[in-house]
Engineer: 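There's a structure below that I have some questions on.
For clarity, every value in this text was computed on a predicted model and none was experimentally measured. Both ligands and their constituent atoms are indexed starting at 1 by order of listing.
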Amino acid sequence: MRIDVLTLFPELFQPFLQVGVTRRAFESRQVDVRLWPLREHATDNYRRVDDRPYGGGPGMVMLVEPLERALAAIRADRADTDAVAGRAPLIYFSPAGAPLTQSRVQAFASGPGAILLCGRYEGVDQRFLDRHVDEEVSLGDFVLSGGELPALALIDAATRLQPGVLNDAASHQQDSFSDGLLDCPHYSRPERLGDAAVPPVLLSGNHAEIARWRRQRQLEATVRRRPDLIEAARRAGRLDVADERWLRQIGSDPGL
Ligand SMILES: C[S@@+](CC[C@H](N)C(=O)[O-])C[C@H]1O[C@@H](n2cnc3c(N)ncnc32)[C@H](O)[C@@H]1O
């Protein structure tokens, strides 16, 4: 998968591409991240890529023309890849975008990659967005100084879903949201820590019992913290008879 990133701060990406379970995917180019410094597409002596907003007000706005030159360069460079994998969408990170969810990441991870545009200042001239952007994505209801962190979040989340990136392929299938629910609690050594012991079922070796215990903990965590996800899982047909029975049972437990 190829991902092109259009940014004013390419240096923010380098350290991230060199660490963790995702590093090998970047080094082998299984996930091919290419950085495009926007200032290289400015034409004046000051390498200007922003200017004051029409109508007045604080802050600066990213200019259409350097962005269009950069985008044309990326599209030309991607021509061979896009001919095989399909035209890559241009994604702009914005607080006004659709929230980034695991199902969006899953769709992205199995697609042709993308061109990611990281905004800065007050954002991008609307005319560039109207002409070129296929999708706006938000990291949440808060305002960051730039789109680089959302771009890194999407790259990381999609890379760990690529085949062979995680040591244990089952690992991401058990993560929160993968099956529509939050994750269950995890334990490791020591078996006993003061008065806190590892739940005995996890030491039993009974795989069916362990799976049942984990599923019930997932349902409990989700109903307590994110009841909206339970409703969504129900609508998507992801809860079976045993799940519904357990939800009814814990629904009458005042401790939950
Ligand atoms: C200071 S912000 C601009 C905020 C913009 N004036 C607004 O109020 O929506 C600069 C850039 O950071 C990025 N950004 C900030 N918050 C974000 C979020 N929650 N999700 C995705 N991108 C964000 C966007 O690319 C944005 O253009």
Engineer: Could you tell me whether Ser138 approaches ligand 1 through its side chain, its backbone, both or neither, with non-hydrogen atoms closer than 4.0 Å?
Structural biologist: both

Engineer: Protein heavy atom under 4.0 angstrom of atom 20 (N) of ligand 1, is there one?
Structural biologist: yes

Engineer: For Val124 and ligand 1, does the shortest N/O to N/O distance drop below 3.5 Å?
Structural biologist: no

Engineer: Say you draw a straight line from CD of Glu11 to CD of Glu148; how long is it, rounded to the nearest 0.5 Å?
Structural biologist: 8.5 Å

Engineer: Taking CG in Asp141 as the centre, count heavy atoms belonging to other residues, nucleotides or ligands within less than 6.0 Å. Is the count above 12?
Structural biologist: no

Engineer: Taking non-hydrogen atoms only, is Val137 closer than 4.0 angstrom to ligand 1 via side chain, backbone, both or neither?
Structural biologist: backbone

Engineer: Would you check the N or O atoms of Pro150, main chain and side chain alike, for any that come under 3.5 Å of an N or O of ligand 1?
Structural biologist: no

Engineer: Could you tell me whether Tyr121 approaches ligand 1 through its side chain, its backbone, both or neither, with non-hydrogen atoms closer than 4.0 Å?
Structural biologist: backbone

Engineer: Could you tell me, atom by atom, which parts of ligand 1 come under 4.0 Å of a heavy atom of Leu139?
Structural biologist: 18 (C), 19 (N), 20 (N), 21 (C)

Engineer: For Ser145 and ligand 1, answer yes if some heavy atom of the residue is under 4.0 Å from a ligand atom, otherwise no.
Structural biologist: yes

Engineer: Quick check on His207: does its NE2 atom have over 12 non-hydrogen neighbours (other residues, nucleotides or ligands) under 6.0 Å away?
Structural biologist: no

Engineer: Got a salt bridge between Arg225 and Glu220, using NZ or NE/NH1/NH2 to carboxylate O under 4.0 Å?
Structural biologist: no

Engineer: Considering only heavy atoms, which of Gly59, Pro95, Ser94, Pro99 lies nearest to atom 9 (O) of ligand 1?
Structural biologist: Pro95

Engineer: Does the N or O separation between Leu144 and ligand 1 drop below 3.5 Å for any pair?
Structural biologist: yes

Engineer: I need the nearest protein heavy-atom contact for atom 27 (O) of ligand 1: residue, atom name and distance, please.
Structural biologist: Tyr92 OH, 2.8 Å

Engineer: Just to confirm my output: which protein heavy-atom neighbour is closest to atom 8 (O) of ligand 1, and how far is it?
Structural biologist: Val143 CG2, 4.7 Å

Engineer: I need the nearest protein heavy-atom contact for atom 5 (C) of ligand 1: residue, atom name and distance, please.
Structural biologist: Glu122 O, 3.6 Å

Engineer: Could you check whether atom CD of Glu244 has more than 12 heavy atoms from other residues, nucleotides or ligands sitting under 6.0 Å from it?
Structural biologist: yes

Engineer: Mind checking the CZ-CG spacing from Arg224 to Leu219? Nearest 0.5 Å is all I need.
Structural biologist: 11.5 Å

Engineer: Report yes if some N/O of Gly119 lies less than 3.5 Å from some N/O of ligand 1; otherwise report no.
Structural biologist: yes

Engineer: Could you pull out the closest heavy-atom pair between Asp44 and Arg48, with the gap in Å?
Structural biologist: OD1-N, 2.8 Å

Engineer: For atom 25 (O) of ligand 1, what is the nearest protein heavy atom, given as residue, atom name and distance?
Structural biologist: Phe93 O, 2.5 Å

Engineer: With atoms numbered from 1 as shown, which atoms in ligand 1 lie under 4.0 angstrom from a non-hydrogen atom of Gly123?
Structural biologist: 27 (O)

Engineer: Is the count of non-hydrogen atoms from other residues, nucleotides or ligands lying under 6.0 Å from Tyr46 atom OH greater than 12?
Structural biologist: no

Engineer: Check the surroundings of atom CZ in Arg234: do more than 12 heavy atoms from other residues, nucleotides or ligands lie under 6.0 Å from it?
Structural biologist: yes

Engineer: With heavy atoms of Gly140 as the reference, note each atom of ligand 1 found under 4.0 Å away.
Structural biologist: 19 (N)

Engineer: Could you go through the side chain to side chain donor-acceptor pair (under 3.5 Å) check for His41 and Glu65 one step at a time?
Structural biologist: CA-CA 9 Å; His41 298 274; Glu65 285 153 317; over 6 Å; no

Engineer: Do you know which two heavy atoms are closest between Asp179 and Arg238, and how far apart they sit?
Structural biologist: O-CD, 3.5 Å

Engineer: Given Asp130, which partner from the list His132, Gln126, Arg127 fulfils the side chain to side chain donor-acceptor pair (under 3.5 Å) test?
Structural biologist: Gln126

Engineer: Using a 4.0 Å cutoff against the non-hydrogen atoms of Gly147, which atoms of ligand 1 qualify?
Structural biologist: 12 (O), 13 (C), 25 (O)

Engineer: Would you say ligand 1 has an N or O under 3.5 Å from any N or O of Phe142?
Structural biologist: yes

